[in-house]
Number of protein chains: 2
Amino acid sequence: MAKADGPAQEPDPDTGEIDLGVLKDVIGFRIRRIQNHLSRAFAERIDRKDVRPGVFSALALISANPGLSQTALSREVGFDKATVVAMLDSLERLGWAERRRSKHDRRRSALHITADGKKALKGLRATAVANEAAIHAALTEDEQARLFELLDKVYAVCFADPE
Amino acid sequence: MAKADGPAQEPDPDTGEIDLGVLKDVIGFRIRRIQNHLSRAFAERIDRKDVRPGVFSALALISANPGLSQTALSREVGFDKATVVAMLDSLERLGWAERRRSKHDRRRSALHITADGKKALKGLRATAVANEAAIHAALTEDEQARLFELLDKVYAVCFADPE
DNA sequence: TATTGTTATACTCTATAACTATA
DNA sequence: TATAGTTATAGAGTATAACAATA
């Protein structure tokens with residue numbers, strides 16, 4: 001209304017010059033754009049519909065924490081228990097992980113990675129690295145370390161406030 | 001197998017002491033956890049099923065770029081054109097935005113926010129700020145600026161490599 | 001009584017493909 | 001011929017609630 005001379009009634013879509021407006025301060029918006037791109041690109045790279053999203057994360061966590069329970073896994077990946085059941089079904093169907101009964105608490109599954117799973121994990125990890133290679137190339141070591149540090153801080157806060 | 005003394009055959013799920021393993025280097029994993037939490041918390045705060053996800057982003061972008069086309073919007077939010085159609089249907093049903101025919105190219109919609117939309121945007125922005133208040137509180141000004149800077153760098157890279 | 005995992009189910013979100021109207 | 005937007009549709013992904021076994 002008080003705009004002096006801006007004829008930009010209709011922004012040119014080809015310039016890519018778009019104002020983020022109110023979104024400039026919103027972390028969630030920036031995070032989501034990156035996440036969308038990364039997850040889509042990752043799915044394209046593996047290009048197997050029997051490897052569902054979350055399978056890489058789950059396999060990595062099982063590998064690093066042998067005997068992990070499904071509940072603990074669900075908390076770590078941020079999905080519901082029921083969703084984790086489906087993920088583990090996939091994982092067992094692939095022969096990459098297995099459920100054993102916990103000795104201390106027979107309600108629990110003790111999750112373990114298999115030999116095949118270890119091989120698959122290597123491949124998935126390589127895919128993930130390749131998927132993020134451009135990012136690593138664009139950031140200095142210091143910047144990467146700083147980014148991870150800040151992201152961890154943010155993540156910690158997310159679960160610190162029970163609000 | 002060669003583990004000397006660790007009886008940690010089954011990690012205690014209550015300690016929260018879980019090893020990220022291979023995931024430690026993966027940006028995508030860290031981003032996703034945060035995004036999951038943030039989007040879920042945001043949805044809980046607005047608590048209106050007629051306000052679909054993406055509506056806040058879309059409204060903010062339309063507000064900041066009057067006359068924006070749907071294609072440009074779809075590129076910016078990272079969704080398909082068809083998905084953006086549904087978002088705009090919601091937006092118009094809410095009376096928060098409207099489609100006008102572009103004068104220069106009659107195939108295009110020129111998107112504009114309404115008076116009600118401006119009010120709603122204020123509320124949504126406040127919700128987003130509240131949703132991220134804990135994060136802002138935990139980070140210094142410098143850290144926030146640095147985080148945004150790094151995230152922008154990452155985002156730029158995502159679309160720089162056509163790979 | 002509370003918790004682990006399971007099943008069945010329904011719902012939300014998103015993309016694909018075919019169509020139209022403009023260019 | 002190519003692009004902007006639309007429609008119809010199918011599919012992926014996730015959560016909810018009720019249940020069984022165990023604690």
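Note on naming: letters A, B, ... go to the chains in the order of the sequence lines (proteins, then strands), and numbering restarts at 1 for each one.
Nearest-nucleotide positions on DNA chain D place A:G78 closer to the 5' end than the other of A:R101 and A:G78. Heavy-atom distances to DNA chain C give each of B:K49 and A:R107 a nearest nucleotide, and the one nearer the 5′ end belongs to A:R107. Residue-to-nucleotide proximity on DNA chain C shows that, of A:Q70 and A:R40, the 5′-proximal contact is made by A:Q70.
One atom, CG of A:L73, and another, P of C:dT3, lie 19 Å apart when rounded to the nearest Å. Between A:L88 atom CG and C:dT7 atom P there is a gap of 12 Å when expressed in whole angstrom units. Between the CD atom of B:E92 and the P atom of D:dG5 there is a distance of 12 Å, rounded to whole Å. Look at CZ on A:R99: it is 9 Å from C1' on C:dT6, rounded to the nearest Å. Look at NE2 on A:H104: it is 16 Å from C1' on D:dT22, rounded to the nearest Å. The distance from atom CG of B:D89 to atom P of D:dA8 is 11 Å, rounded to the nearest whole Å. The nearest whole Å value for the distance from the NZ atom in A:K81 to the P atom in D:dG13 is 23 Å. Atom CZ of A:R52 and atom P of D:dA15 are 11 Å apart (whole Å).
For the OP1/OP2 pair of D:dA15 and a distance below 4.0 Å, the side-chain nitrogens and oxygens of A:T83 include at least one atom meeting the criterion. Taking only side-chain nitrogens and oxygens, B:T71 comes nearer than 4.0 Å to OP1 or OP2 of D:dG5.
If you check C:dA8, C:dA15, D:dT14 against the side chain of A:F79, the one that comes closest is D:dT14. The nucleotide whose nearest atom lies closest to any side-chain atom of A:A82 is, among C:dT7, C:dG5, D:dA8, C:dT7. When distances run from any side-chain atom of A:R106 to the nucleotides C:dT22, C:dT7, D:dT22, the shortest one goes to D:dT22. The listed nucleotides are C:dC13, C:dT7, D:dG5; the one nearest the side chain of B:V85 is D:dG5.
For A:R108 against C:dT4, a side-chain-to-base donor-acceptor contact under 3.5 Å is absent.
A:R101 contributes a side-chain N or O that, together with a main-chain N or O of A:R108, makes up a donor-acceptor pair within less than 3.5 Å. Formation of a donor-acceptor pair under 3.5 Å by the A:S109 side chain with backbone atoms of A:R99 is not found in this model. Put simply, the side chain of A:D19 never gets that close to the backbone of B:N65: no donor and acceptor are under 3.5 Å apart.
Proximity of A:I135 to A:Q144: side-chain heavy atoms (C-beta onward) are nowhere separated by under 4.5 Å.
Judged by the 6.0 Å and 45° rule, B:R30 forms no cation-pi pair with A:Y155.
Counting any heavy atom pair closer than 4.0 Å across all strands shown, A:D105 reaches sugar-phosphate atoms only and no base atom.
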